[in-house]
Amino acid sequence: MTEPLLHVDGLSIAFPSAKGMSQVVNDITFTVGREIVALVGESGSGKSMTGRAIMGLLPANARVAARRLGFEGRDLLTLSSKEWNRLRGNKMGLILQDPKYSLNPAHRIGRQVEETLLLHANLSSAERRDKALDMLDKVGLSDPKRICSSYPATLSGGMGQRVMIAAMLANRPKLLIADEPTSALDKELQDQILTLLRKLSEEFGMGLLLISHDLQQVSRYADRVIVMRRGVIEEEMASVDLASARSGYTRALWAARPSAESYQTRLPVYGGDE
Ligand SMILES: Nc1ncnc2c1ncn2[C@@H]1O[C@H](COP(=O)(O)OP(=O)(O)O)[C@@H](O)[C@H]1O
Ligand SMILES: [Mg+2]
């Protein structure tokens with residue numbers, strides 16, 4: 001049997017603290033194929049650190065260990081920093097909550113979408129421009145030419161997130177990690193962005209790891225869900241089976257149905273930061 005696209009086997013992450021090492025992810029194992037997998041759990045459960053470990057983007061003081069971090073048949077743990085750089089933005093992409101922190105305010109959008117192509121593909125500048133325009137069109141931005149010559153500050157949050165998706169998908173990565181990609185947006189925009197991510201994942205045959213604290217919401221877009229709690233995997237199941245989840249924790253997350261009015265406020269958490 002061939003290995004799935006991503007095979008996280010026995011991943012542990014710890015940080016040094018005053019009381020010794022503090023374990024934030026503890027021996028988790030899961031796979032992601034060409035499918036949408038939601039990684040859910042309350043704030044502080046270790047979701048973002050898991051995503052960053054897969055991207056090789058953990059803070060410098062983090063200690064990471066795993067039996068294997070398999071990606072397309074290679075073990076990510078053995079990569080040099082040069083090899084990581086080649087992989088990121090090319091075979092793997094990361095989208096974070098707020099495009100404000102990912103887009104450079106001093107550069108026009110077109111340049112930033114083209115930058116990923118500059119790093120990884122052998123294209124002429126005209127070809128890069130065409131590809132950037134094509135991607136901006138694919139993420140549903142009307143008038144891509146105007147967007148290309150705009151600066152990030154002129155974009156709304158939803159448009160900014162569409163630009164990020166265009167930039168991340170320009171090289172047709174095999175795996176996209178989206179960490180709370182819609183948490184900064186209002187309800188209607190959240191559904192639009194998640195619908196777009198699902199559509200493009202299917203169109204490009206891409207694996208998507210969708211990180212979220214909102215189980216209700218992401219389960220509508222994911223094939224499978226992995227529920228994390230305090231650094232371990234509590235439960236893993238197909239989204240369609242969520243109604244019969246065994247774990248009380250999963251059921252509590254499932255029942256935390258935010259109403260339209262409360263969508264902008266945070267769900268109650270057991271502890272940790274965000
Ligand atoms: N740089 C760091 N140093 C020490 N602890 C950290 C650091 N970054 C995150 N943590 C801790 O790791 C735990 C998991 O964090 P995170 O993966 O961001 O959770 P989630 O994304 O599920 O909300 C949290 O308890 C957090 O406080
Ligand atoms: Mg997080």
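Sequential numbering from 1 along the given sequence is applied to the chain's residues.
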Applying salt bridge (Lys or Arg N to Asp or Glu O under 4.0 Å), which residue pairs with at least one partner in residues 55-70 are found, sequence neighbours left out? E3-R68, D9-R67, D27-R67
Test your reading of the model: is there a side-chain donor-acceptor pair from [X] to the backbone of [Y], 3.5 Å cut-off?
X    : Y    : value
Q216 : A255 : no
R52  : L58  : no
E83  : S80  : yes
R251 : A245 : yes
S212 : V218 : no
Q97  : A178 : no
R229 : E42  : no
K47  : G41  : yes
Y249 : M228 : yes

Are any of the side-chain heavy atoms of [X] and [Y] separated by less than 4.5 Å?
X    : Y    : result
M206 : K174 : no
I226 : E235 : no
L57  : R88  : yes
V225 : T250 : no
Y221 : S239 : no
V163 : V139 : no
M237 : R224 : no
Q190 : I193 : no

Please report the shortest heavy-atom distance between [X] and [Y], naming the atom on each side.
X    : Y    : result
A66  : L77  : O-CD1, 3.5 Å
P16  : N61  : CD-O, 3.2 Å
L194 : P181 : CD2-CG, 4.5 Å
D179 : S48  : OD2-OG, 2.6 Å
A170 : T116 : CB-OG1, 3.8 Å
A222 : V37  : CB-C, 4.4 Å

Residues Q192 and T195: side-chain donor-acceptor under 3.5 angstrom: no
Evaluate the criterion side chain to side chain donor-acceptor pair (under 3.5 Å) for residue pair E180 and H213; output intermediate values, then yes/no. CA-CA 8 Å; E180 307 270 4; H213 63 277; 2.9 Å; yes
Should we count CZ of R172 as having more than 12 external heavy atoms under 6.0 Å? yes
Residues two or more places apart in sequence or in another chain: which of them pass side chain to side chain donor-acceptor pair (under 3.5 Å) with E202? none
Derivation and outcome, side chain to side chain contact (heavy atoms under 4.5 Å, CB included), residues L76 and W84: CA-CA 8 Å; L76 298 175; W84 270 121; 3.6 Å; yes
Any chance you could measure [X], atom [atom1], to [Y], atom [atom2], to the nearest 0.5 Å?
X    : Y    : atom1 : atom2 : answer
M168 : L197 : CE    : CG    : 12.0 Å
L242 : W254 : CG    : CH2   : 5.0 Å
L185 : T182 : CG    : OG1   : 6.0 Å
L155 : M164 : CG    : CE    : 12.0 Å
T78  : L69  : OG1   : CG    : 10.0 Å
I165 : I95  : CD1   : CD1   : 4.5 Å

Do L133 and Y151 sit in the same hydrophobic cluster, where Ile, Leu, Val, Met, Phe, Trp and Tyr count as joined when their side-chain heavy atoms come under 4.5 Å apart? no
Treat each ILVMFWY residue as a node, draw an edge where side-chain heavy atoms are under 4.5 Å apart, and state whether V232 and V40 are in one component. no
Could you go step by step and tell me if F15 and M21 meet the side chain to side chain contact (heavy atoms under 4.5 Å, CB included) rule? CA-CA 5 Å; F15 287 99; M21 295 303 284; 5.8 Å; no
Would L209 and I36 count as a side chain to side chain contact (heavy atoms under 4.5 Å, CB included) here? Give the steps. CA-CA 6 Å; L209 184 64; I36 304 179; over 6 Å; no
Would you please test C148 and R129 for side chain to side chain contact (heavy atoms under 4.5 Å, CB included) and show each step? CA-CA 9 Å; C148 267; R129 175 50 58 110; 4.2 Å; yes
Charged N to carboxylate O below 4.0 Å: is that the case for R220 and D191? yes
Going by an N to O cut-off under 4.0 Å, is there a salt bridge joining E127 and K131? no
